[in-house]
Trainee: 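Have a look at this one.
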Amino acid sequence: MISVTPSTLELNKVFMDESLIRACMCSHAPLKNWLLLDFDVQQYPFADLMTQRILKCDDIDKYHEAIIEQRAQFGMPEQLFAQDNLFFKDMIQNQAESAGLVTLYQRFVNEYLAHKVAHSLNFDTRPDIRVHLPTTRPVSEFHDDYSMTHNFEEINMWLPLADTQGTSTLWLESGYGTGKAQPIDVKYGQVLLFDGGILKHGSRTNDTDSTRISLESKLSLTGSRQRADAVHLLDRFSFV
């Protein structure tokens with residue numbers, strides 16, 4: 001376990017500032033505040049689609065090597081920066097729909113995830129696509145989503161398109177309000193579901209030699225409006 005940014009004191013201050021709301025939300029706690037589900041990559045070939053139709057490279061986790069090689073041909077510096085994560089995120093996001101990635105993601109949620117909980121789901125029409133290149137800092141601070149969205153009923157979906165571990169993966173607060181974070185190693189073929197409305201989460205400087213590209217989305221049970229609905233959804237996934 002290590003301290004995350006912002007510091008433990010800053011995290012505690014957040015909980016103190018919104019003590020009543022957070023006390024109400026945390027009184028409804030799921031059986032597990034995060035979990036992993038395995039899926040069939042042949043049925044939902046996210047990585048194949050990304051490499052063949054969008055990146056035009058063989059390995060997602062080595063995408064940075066193609067970037068550096070291309071820069072060298074134009075006499076550009078090889079060093080990668082956090083801003084590059086945003087540039088390639090936008091590039092991929094713009095191509096995602098025409099390449100069929102959005103359709104595949106929608107089918108994954110409607111067929112696979114909704115089937116798991118035997119209930120229709122509300123979800124983002126388009127996934128948020130994140131890129132985290134080696135040696136680069138994350139582009140956002142550790143955060144909880146409720147502070148920004150004020151949606152009680154949602155949980156988070158995080159799906160990397162290559163194996164992730166250590167500083168290349170997502171880090172989650174170890175418990176509600178602890179101010180400590182831990183890396184959640186996720187393999188390609190797994191989807192991470194977690195209580196991102198309350199749990200602080202984010203990334204660290206990627207000191208691995210792997211590019212991380214991931215799909216992110218918010219999920220809720222159709223018709224849900226309350227914190228208890230988010231807990232109920234995570235609990236449904238816990239039993240599958």
Side-chain angles (χ1 to χ4, degrees), residues 30-55 60 89-90 92-132 144-146 148-164 169-170 172 184-199 201 203 212-240:
L31 297 173
K32 300 178 181 178
N33 55 33
W34 66 267
L35 57 95
L36 293 170
L37 295 180
D38 297 328
F39 67 91
D40 185 349
V41 298
Q42 300 299 319
Q43 188 173 2
Y44 303 104
F46 291 105
D48 288 348
L49 192 152
M50 179 65 71
T51 55
Q52 295 169 15
R53 298 191 189 180
I54 298 177
L55 301 183
I60 288 176
K89 160 190 163 70
D90 290 342
I92 294 170
Q93 197 92 39
N94 290 336
Q95 298 181 48
E97 188 151 8
S98 61
L101 186 65
V102 172
T103 300
L104 179 60
Y105 149 78
Q106 293 174 349
R107 187 164 64 83
F108 175 77
V109 176
N110 282 322
E111 290 181 357
Y112 177 74
L113 294 180
H115 176 74
K116 288 288 185 183
V117 296
H119 199 289
S120 61
L121 297 173
N122 287 334
F123 57 95
D124 299 330
T125 304
R126 294 169 59 94
D128 194 8
I129 298 172
R130 302 280 185 180
V131 176
H132 198 176
D144 66 87
D145 291 336
Y146 174 79
M148 296 178 290
T149 67
H150 292 276
N151 292 328
F152 286 98
E153 73 278 7
E154 295 177 336
I155 67 169
N156 294 52
M157 181 201 91
W158 191 79
L159 195 161
L161 305 191
D163 293 355
T164 63
T169 195
L170 189 70
L172 298 183
I184 308 299
D185 296 348
V186 186
K187 296 181 180 298
Y188 176 52
Q190 294 181 315
V191 57
L192 171 65
L193 303 169
F194 65 98
D195 195 6
I198 302 178
L199 286 178
H201 54 279
S203 299
R212 185 191 82 206
I213 298 178
S214 57
L215 308 182
E216 303 178 12
S217 182
K218 307 287 196 309
L219 310 173
S220 62
L221 293 166
T222 301
S224 61
R225 292 291 182 271
Q226 302 177 18
R227 164 64 183 164
D229 295 317
V231 173
H232 182 51
L233 178 54
L234 265 177
D235 286 347
R236 278 177 175 247
F237 279 120
S238 297
F239 286 113
V240 299

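All values below were derived from every heavy atom in this structure, side-chain atoms included, with hydrogens, water molecules and symmetry-related copies excluded.
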Trainee: Taking side chain to side chain donor-acceptor pair (under 3.5 Å) as the test, write out the residues that go with Arg107, two or more places apart.
Mentor: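 Arg107 satisfies side chain to side chain donor-acceptor pair (under 3.5 Å) with Glu111 once adjacent residues are dropped.
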Trainee: Just wondering, do Asn151 and Lys218 contact through their side chains at under 4.5 Å, heavy atoms?
Mentor: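 A side-chain contact is absent here, since even the closest heavy-atom pair is not under 4.5 Å.
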Trainee: So do the side chains of Leu221 and Asn122 get within less than 4.5 Å of each other, counting heavy atoms only?
Mentor: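 Not touching, per the 4.5 Å side-chain cut-off.
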Trainee: Between Asp229 and Arg236, is there a salt bridge with N-O shorter than 4.0 Å?
Mentor: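 Salt bridge between Arg236 and Asp229, a charged N being under 4.0 Å from a carboxylate O: no.
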Trainee: I'd like to check Phe194 versus Leu170 (side-chain heavy atoms, cut-off strictly below 4.5 Å). Are they in contact?
Mentor: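 Yes - at least one pair of side-chain heavy atoms lies under 4.5 Å apart.
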Trainee: Do you see a donor-acceptor pair shorter than 3.5 Å between the side chains of Arg130 and Ser203?
Mentor: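 Distance-only check fails for Arg130 and Ser203.
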Trainee: Provide the closest heavy-atom pair for Ala47 versus Leu161 in the form atom of the first, atom of the second, distance.
Mentor: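 Closest heavy-atom pair between Ala47 and Leu161: CB-O, 3.6 Å.
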Trainee: Given ring-ring contact (aromatic ring centres under 6.0 Å, His included), test Tyr105 with Phe123 step by step and report yes or no.
Mentor: CA-CA 10 Å; Tyr105 149 78; Phe123 57 95; 5.8 Å; yes
Trainee: The test is side chain to side chain contact (heavy atoms under 4.5 Å, CB included); show your working for Glu97 and Thr103 and say whether it passes.
Mentor: CA-CA 7 Å; Glu97 188 151 8; Thr103 300; over 6 Å; no
Trainee: State, with a plain yes or no, whether a side-chain heavy atom of Val131 is found less than 4.5 Å away from one of Arg212.
Mentor: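 Answer no - side chains too far apart.
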Trainee: Can you see which heavy atom on Leu36 is nearest to which on Asp185, and at what distance?
Mentor: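 Result for this residue pair: CD1-O, 3.9 Å.
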Trainee: Indicate the atoms forming the closest heavy-atom contact of Ala96 with Ile129, along with that distance.
Mentor: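 Distance-wise, the nearest heavy atoms are CB-CD1, 3.8 Å.
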Trainee: Might you point out which heavy atoms bring Pro127 and Leu215 nearest each other, and give the distance in Å?
Mentor: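 Looks like CB-CB, 4.3 Å.
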Trainee: Can you confirm whether Asp128 sits close enough to Gln93 that some side-chain heavy atom of one is under 4.5 Å from a side-chain heavy atom of the other?
Mentor: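 Side-chain contact under 4.5 Å: yes.
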Trainee: Do Leu219 and Leu113 make a side-chain contact, defined as non-hydrogen atoms from C-beta onward lying under 4.5 Å apart?
Mentor: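 In contact.
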Trainee: I want to check something: taking the side chain as every heavy atom from C-beta on, are Leu101 and Arg53 in contact at a cut-off of under 4.5 Å?
Mentor: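 The answer is no, as the side chains (C-beta and beyond) never meet within the 4.5 Å cut-off.
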Trainee: Whether Asp195 and Lys32 form a salt bridge (side-chain N of Lys/Arg under 4.0 Å from carboxylate O of Asp/Glu) is what I want to check.
Mentor: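 Asp195 and Lys32: not salt-bridged.
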Trainee: Say you draw a straight line from CG of Leu234 to CG of Leu35; how long is it, rounded to the nearest 0.5 Å?
Mentor: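 Separation between the atoms: 6.0 Å.
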Trainee: Looking at every non-hydrogen atom in both residues, tell me the closest pair between Ile155 and Ala230 and how far apart they are.
Mentor: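 Of all heavy-atom pairs spanning Ile155 and Ala230, the closest is CG2-O, 3.7 Å.
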Trainee: Can you tell if the side chain of Gln190 reaches within under 4.5 Å of the side chain of Leu159, non-hydrogen atoms only?
Mentor: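 Not in contact.
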Trainee: Just verifying a value: how many Å separate Glu154 CD and Arg227 CZ, rounded to the nearest 0.5 Å?
Mentor: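 If we round to the nearest 0.5 Å, Glu154:CD and Arg227:CZ are 11.5 Å apart.
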Trainee: Could you check whether the rings of Phe39 and Tyr188 sit parallel, tilted or perpendicular, using 30° and 60° as the cut-offs?
Mentor: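 Rings of Phe39 and Tyr188: perpendicular, as their planes differ by over 60°.
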Trainee: For Leu55 and Ile213, what are the C-alpha separation, side-chain angles and deciding distance, and is it a side chain to side chain contact (heavy atoms under 4.5 Å, CB included)?
Mentor: CA-CA 11 Å; Leu55 301 183; Ile213 298 178; 3.7 Å; yes
Trainee: Which value, rounded to the nearest 0.5 Å, describes the distance between Ser214 atom OG and Met157 atom CE?
Mentor: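 Separation between the atoms: 9.0 Å.
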Trainee: Going by distance alone, is a donor N or O of one side chain under 3.5 Å from an acceptor N or O of the other, for Asn156 and Asp145?
Mentor: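 Side chains of Asn156 and Asp145: pair found under 3.5 Å.
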Trainee: Apply the side-chain contact (heavy atoms from CB on, under 4.5 Å) test between Val191 and each candidate in Trp158, Tyr44, Phe108; give the one that qualifies.
Mentor: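 Among the candidates, only Phe108 passes.
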Trainee: For residues Phe237 and Lys116, report the shortest heavy-atom separation together with the two atoms involved.
Mentor: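 Taking Phe237 first and Lys116 second, the nearest heavy atoms are CE2-CB, 4.0 Å.
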Trainee: Atom CG in Leu192, atom NE2 in His201: separation rounded to 0.5 Å?
Mentor: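 The NE2 atom of His201 is 10.0 Å from CG of Leu192, to the nearest 0.5 Å.
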Trainee: Which distance, rounded to the nearest 0.5 Å, do you find between the CD1 of Ile184 and the OG1 of Thr164?
Mentor: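 Answer for the CD1-OG1 pair, Ile184 versus Thr164, is 9.5 Å.
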Trainee: Starting at CD of Glu153, measure out to CD of Gln226 and round the result to the nearest 0.5 Å.
Mentor: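 Reported value, rounded in 0.5 Å steps: 9.5 Å.
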